[in-house]
Amino acid sequence: MGITHLIDKDNIKFRTVVPIFNIWSTDFKTEGEWSGVRYKIQFIELTRKGIELNSLVDQALAKEIYRHVFMESLFDIRGKDNCQILVIDIIQPLTEKLEVASNSIELLLIEQAITLALFLSTNIGILKKNSYTIRLAKNTHEASQALSNSYSVSKPHSYPNSFFHSGRGVSIIKDNTSCEHIFKSLLQRDPQSEIQAQKLLNLGLDYFTTTFSLRNVEHSFLILMIVFEALFKEDESQNTHKVAKILASLIAVDREERKSIQKAFTNNPDGFIDIRHSIAHGSLINLKIIKEQYQTLYKYIVRALIKIIDFISENKIKDDYYKTLRNLTLERGCEKSCVNGLS
């Protein structure tokens with residue numbers, strides 16, 4: 001059943017459209033129900049003709065989105081005449097508050113979850129700025145579900161850096177199924193949670209997305225190392241080399257990769273830990289080395305965040321976060337050792 005068929009006098013529908021500048025092609029889509037809301041998420045390709053917007057939004061907003069996409073420097077750097085528009089539709093029960101609302105909390109949380117899922121599921125992250133939200137007629141008897149003639153615009157606190165340190169070129173969703181799984185797992189998290197695991201995950205995700213708005217690669221490197229320390233280092237007295245071993249055991253597919261990951265952190269003088277100290281204390285360091293190491297560190301942090309999201313969604317982390325993480329890591333290390341021993 002299409003989402004448009006669910007509208008009736010007791011429900012209201014909102015639509016958010018988000019231009020994604022560095023994704024050129026994707027067939028990703030998902031739909032479902034969450035927190036009493038029915039949602040549908042898909043991508044629409046936008047070309048220079050702009051006619052694709054006609055069925056999504058009214059004329060005034062279509063012009064604004066077209067201007068935003070094709071007349072800003074973010075688009076010019078790509079050298080491409082199309083981009084993808086992320087379209088999020090939701091239907092939820094009409095309340096007195098929503099009668100006059102231009103957006104809903106549920107829609108904002110769904111947008112946040114899919115945005116984070118795309119950051120984690122693409123090879124280099126996503127380049128986005130504004131989100132545009134409209135409300136549709138609340139029932140099928142009002143102007144045939146005509147689009148509203150007003151809209152709200154959500155802008156980021158800090159604009160993204162056009163040239164990602166995580167890589168150059170087109171951003172690609174590596175696996176649609178994995179992206180959908182991450183999105184649905186993130187929907188279950190509580191951004192305001194006081195539970196240790198949730199708080200640390202939220203902190204890690206916030207820091208992670210901050211790296212995309214930083215111009216200097218050394219600053220982004222430092223922030224990624226803060227993510228690593230927040231997620232894996234229990235206190236300042238804990239040996240960072242041993243903490244790196246926990247991360248390596250958590251994400252490595254076999255013993256060889258585990259050794260390789262540990263070496264990337266601890267290898268002197270170009271290991272992640274030494275580079276982090278050099279940046280933090282203003283020591284001279286080859287910028288080329290930082291750029292090369294940043295992309296490797298970035299991939300490890302993404303994998304670690306996804307793994308922790310999975311652990312939390314599967315309810316494997318309940319009480320003491322760091323203790324549970326160490327135990328889970330030891331179990332994974334044992335499993336891999338046993339498998340390698342039998343092969």
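Values in this document were obtained by computation on a predicted structure and should not be read as measured data.
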Pair V253-R303, side chain to side chain contact (heavy atoms under 4.5 Å, CB included): steps then yes or no: CA-CA 11 Å; V253 296; R303 289 169 63 184; 4.2 Å; yes
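- A donor and an acceptor atom, one from each side chain of E52 and T47, are located under 3.5 Å apart.
- A donor-acceptor pair under 3.5 Å is absent between the side-chain atoms of D89 and the main chain of K40, judged by distance alone.
- Atoms CZ and OG, from R255 and S249 in turn, are 11.0 Å apart once rounded to the nearest 0.5 Å.
- The shortest non-hydrogen separation linking I285 to S278 is CD1-CB, 4.2 Å.
- At distances below 3.5 Å, at least one donor-acceptor pair connects side-chain atoms of S213 with backbone N or O atoms of T210.
- The OH atom of Y132 sits 11.0 Å away from the OG atom of S152 when rounded to the nearest 0.5 Å.
- Atom CD1 of residue I12 and atom OG of residue S104 lie 8.5 Å apart, to the nearest 0.5 angstrom.
- A perpendicular orientation is assigned to the rings of F208 and F212, their planes being inclined by more than 60° (bins at 30° and 60°).
- Between F265 and F228, the angle of the ring planes lies from 30° to 60°, which puts this pair in the tilted group.
- Two residues are said to be in side-chain contact when any heavy atoms from C-beta on lie closer than 4.5 Å; K199 and E194 meet this criterion.
- I23 approaches I126 most closely through the heavy-atom pair CD1-CG2, 3.9 Å.
- Atom CD1 of I289 sits in a crowded spot, with more than 12 heavy atoms from other residues, nucleotides or ligands closer than 6.0 Å.
- Of the N and O atoms on the side chains of E180 and T30, at least one donor lies less than 3.5 Å from an acceptor on the other residue.
- No side-chain heavy atom of S154 sits under 4.5 Å from any side-chain heavy atom of N130.
- No donor-acceptor pair under 3.5 Å is formed between the side chain of S35 and the backbone N or O of V37.
- Separating the CD1 atom in I306 from the SG atom in C179 is a distance of 9.5 Å, to the nearest 0.5 Å.
- For K245, the NZ atom sits in a loose shell: 12 or fewer heavy atoms of surrounding residues, nucleotides or ligands are nearer than 6.0 Å.
- Using a 4.5 Å heavy-atom threshold, the side chains of F28 and I114 count as touching.
- Other residues, nucleotides and ligands contribute more than 12 heavy atoms inside 6.0 Å of the CD atom of E314.
- For R38 and E31, the salt-bridge test passes: some basic side-chain N is under 4.0 Å from an acidic carboxylate O.
- D235 places a side-chain N or O within 3.5 Å of a backbone atom of S237 that can act as its donor or acceptor partner.
- Both V18 and L109 are part of a single hydrophobic cluster, where members link through side-chain heavy atoms under 4.5 Å apart.
- Of all the heavy atoms in N103 and F14, the pair that sits closest is N-CE2, 3.7 Å.
- Judged by distance alone, the side chain of R15 and the main-chain N or O of L56 form a donor-acceptor pair under 3.5 Å.
- Looking only at distances, no side-chain donor or acceptor of H241 sits under 3.5 Å from a matching main-chain atom of Q262.
- Judged purely by atom type and a 3.5 angstrom limit, N202 uses its side chain to pair as donor or acceptor with the backbone of D190.
- No donor-acceptor distance shorter than 3.5 angstrom exists from the side chain of N22 to the backbone of S171, with no hydrogens or angles considered.
- A 4.5 Å side-chain heavy-atom check between E64 and Y151 finds at least one atom pair inside the cut-off.
- With rounding to the nearest 0.5 angstrom, the OG1 atom of T133 is 8.0 Å from the CD1 atom of I88.
- Put simply, CD1 on I273 and CG on N239 are 7.5 Å apart, with the number rounded to the nearest 0.5 Å.
- Looking at heavy atoms from C-beta onward, E106 lies out of side-chain contact with L98 at the 4.5 angstrom threshold.
- Between the side chains of T26 and Q84, no donor N or O sits under 3.5 Å from an acceptor N or O.
- The environment of K174 atom NZ is dense: over 12 non-hydrogen atoms of other residues, nucleotides or ligands sit within 6.0 angstrom.
- With a 4.5 Å cut-off on side-chain heavy atoms, F119 and T209 count as touching.
- Of the charged side-chain nitrogens involved, none lies within less than 4.0 Å of a carboxylate oxygen, so that E257 and K299 do not count as a salt-bridged pair.
- Linking ILVMFWY side-chain heavy atoms closer than 4.5 Å, directly or via other members, places F311 and I195 in two distinct hydrophobic clusters.
- Residues D310 and S313 approach most closely at O-OG, 3.0 Å, considering heavy atoms.
- The backbone N or O of H181 sits less than 3.5 Å from a side-chain atom of S185, completing a donor-acceptor pair.
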Derivation and outcome, side chain to side chain contact (heavy atoms under 4.5 Å, CB included), residues I134 and D58: CA-CA 9 Å; I134 60 173; D58 67 13; 5.9 Å; no
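- Here the closest heavy-atom approach between residue E45 and residue N82 is recorded as OE2-ND2, 2.7 Å.
- K316 and T324 are not linked by any side-chain donor-acceptor pair at a separation below 3.5 angstrom, with hydrogens and angles left out of the test.
- Between F183 and I110 the shortest side-chain heavy-atom distance falls below 4.5 Å.
- A 4.5 Å side-chain heavy-atom check between I308 and Y321 finds at least one atom pair inside the cut-off.
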Using side chain to side chain contact (heavy atoms under 4.5 Å, CB included), reason through L305 and L201 one step at a time and then give a plain yes or no. CA-CA 8 Å; L305 284 167; L201 174 61; 4.2 Å; yes
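- In plain terms, the two heavy atoms of L231 and L200 that are nearest each other are CD2-O, 3.6 Å.
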What verdict does the side chain to side chain contact (heavy atoms under 4.5 Å, CB included) test give for Q293 and I275, after you've listed the backbone C-alpha separation in whole Å, the side-chain angles of each residue and the deciding distance to 0.1 Å? CA-CA 9 Å; Q293 293 291 67; I275 291 175; 3.7 Å; yes
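- Applying the 6.0 Å contact sphere to CD of Q295 captures more than 12 heavy atoms from other residues, nucleotides or ligands.
- Not less than 6.0 angstrom separates the ring centroid of H219 from the ring centroid of Y294.
- More than 12 non-hydrogen atoms from other residues, nucleotides or ligands lie less than 6.0 angstrom from CZ of R168.
- Y66 contributes a side-chain N or O that, together with a main-chain N or O of R48, makes up a donor-acceptor pair within less than 3.5 Å.
- One hydrophobic cluster, built from ILVMFWY side chains closer than 4.5 Å, holds both I223 and M225.
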